[in-house]
Amino acid sequence: MNAYDDVAGFADAQWTRVTGAGVDPHEYRRVTGDLVSVADWGPAFLRAGQEHLGRAEGAGSPRSAGTHLLAAARCFHVATLAPYAEAARAAAAADDALGRALAVLEPGARRVSGEGFTGWLRFPSAAPGASRASGASAVSGASGADVPGADAVGTVIVVPGLDSAKEEFLDLVSALLARGLAVFAMDGPGQGVLAATSVLVPQYEKVVGRVLDALGVPRAGLVGLSLGGYFAARAAALEPRVAAVATVSGPFRLDWDELPQPIRDMVARRTGGAGAAREFARHVDLTGLAPRVTAPLLVVDGGQDVIPGVTNGEPLARSAPHGTHLSVPHGDHLLGNARPDWLPRLADHLAHALTGA
């Protein structure tokens, strides 16, 4: 049986990832309970997101409207996790719902976009720029001069992975904001809202460099999730302005011939074809770069995260001069089933490294 033919198995496999991203578990069971095939996945979560948009329109307060818009953003993103012809539409809807939510809930948030990236810069409540505007605003180009407050507090860039996006890690962003850090949650090439118009690139340090230029900060922390862990570690090795880094379920190395077919298919969709996918996977190898990651590094792995063809992050932590490995024995991929075991420690690691707090 093709992995995508078993909708119940697919839903079970996504359970901790989706609920860990903040989707209500009861809503998840309701949405997935009547699916006949994985082909129904995208349309079902698109409808769930639209239901939240309707609730936002009828909400009795801005706070309630914003909460419904965040729920919509999550649902629209989840719609993209299975093969879906309308994935680009769902990703655009997620991006729009997040922007509308921040306009209501965090008027000081700034949209920052440039070559190969887009995302939202958010500030802790007491930070400069946190309440300067009556609505979230957009900044384009590569000049940090137009991004007030970005250099006034420690800043962390959140890097998504193969099929994740900035809308998936809202709770991580909240944990970092709560520790007084500014956070730029981004989509890079081939990710999130940019997946429809670009492909994944292994040279993510160039993307991070352009982000740092646009934010106007002299140094920043990185946290990379899933394949984003490779991107973050690579950028930390090659971009000297990276002052702290953390990875969650990030690969140290990929062996294309051993990867399960659904993952190969996913890489092919995100890179532009089978040949490009194989070449991309060849680059995902931190053996030579790990000793160059000199910034304080925390590597988080789940003991139950075992994927053929994927070498997890322990060799990265062992080879980096200031690496620490946190293995959570019961954690699965992205450790959505073990958040208390790693999320506070990761947020504290970045806060301490960047601000001394």
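Quantities reported herein were computed from a predicted structural model and do not represent experimental measurements. The residues of the chain are indexed from 1 along the displayed sequence.
- The side-chain heavy atoms of Arg253 and Leu286, taken from C-beta on, include no pair separated by under 4.5 Å.
- Taking 4.5 Å as the limit, some side-chain heavy atom of Phe45 sits within range of a side-chain heavy atom of Thr32.
- Side-chain atoms of His330 and Asn337 form no donor-acceptor pair, as typed in the model, at a separation below 3.5 Å.
- With rounding to the nearest 0.5 angstrom, the CH2 atom of Trp120 is 11.0 Å from the CD atom of Glu167.
- Within the model, atoms CD of Glu205 and CZ of Phe231 stand 10.5 Å from one another, a figure rounded to the nearest 0.5 Å.
- Counting heavy atoms from C-beta outward, Val207 and Met186 have side chains that approach closer than 4.5 Å.
- With contacts defined as side-chain heavy-atom distances shorter than 4.5 Å, the pair Val158/Leu225 qualifies.
- Between atom CG of residue Leu177 and atom CZ of residue Phe123 there is a gap of 10.0 Å, rounded to the nearest 0.5 Å.
- Counting heavy atoms from C-beta on, the side chains of Val159 and Val223 never come closer than 4.5 Å.
- Interatomic distance, NE2 of His77 versus CG of Leu98, reported as 11.5 Å (0.5 Å rounding).
- Under the salt bridge (charged side-chain N to carboxylate O under 4.0 Å, His left out) rule, Arg17 has a single partner from Asp163, Asp305, Asp332, which is Asp163.
- More than 12 heavy atoms of other residues, nucleotides or ligands lie within 6.0 Å of CG in Asp257, so this atom counts as buried by the packing criterion.
- Within the 4.5 Å cutoff, no side-chain heavy atoms of Glu314 are placed close to those of Ser327.
- Environment of CZ in Arg63: sparse, with no more than 12 heavy atoms of neighbouring residues, nucleotides or ligands closer than 6.0 Å.
- At least one side-chain heavy atom of Glu279 sits less than 4.5 Å from a side-chain heavy atom of His283.
- Scanning all heavy atoms of the two residues, the minimum distance from Leu254 to Pro251 falls at CD2-CB, 4.0 Å.
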For Asp24 and Arg74: C-alpha separation, side-chain torsions, deciding distance, then whether salt bridge (charged side-chain N to carboxylate O under 4.0 Å, His left out) applies.
CA-CA 10 Å; Asp24 179 81; Arg74 290 181 171 106; over 6 Å; no

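- Between Tyr28 and Trp15, the distance separating the two ring centers is shorter than 6.0 angstrom.
- Checked against Phe117 for a side-chain contact (heavy atoms from CB on, under 4.5 Å), the options Asp187, Val208, Val112, Ile157 give a single hit: Val112.
- In this structure, the side chains of Leu200 and Leu227 come closer than 4.5 Å at one or more pairs of heavy atoms.
- The pair Glu86-Arg47 does not count as a salt bridge, with every side-chain nitrogen at least 4.0 angstrom from each carboxylate oxygen.
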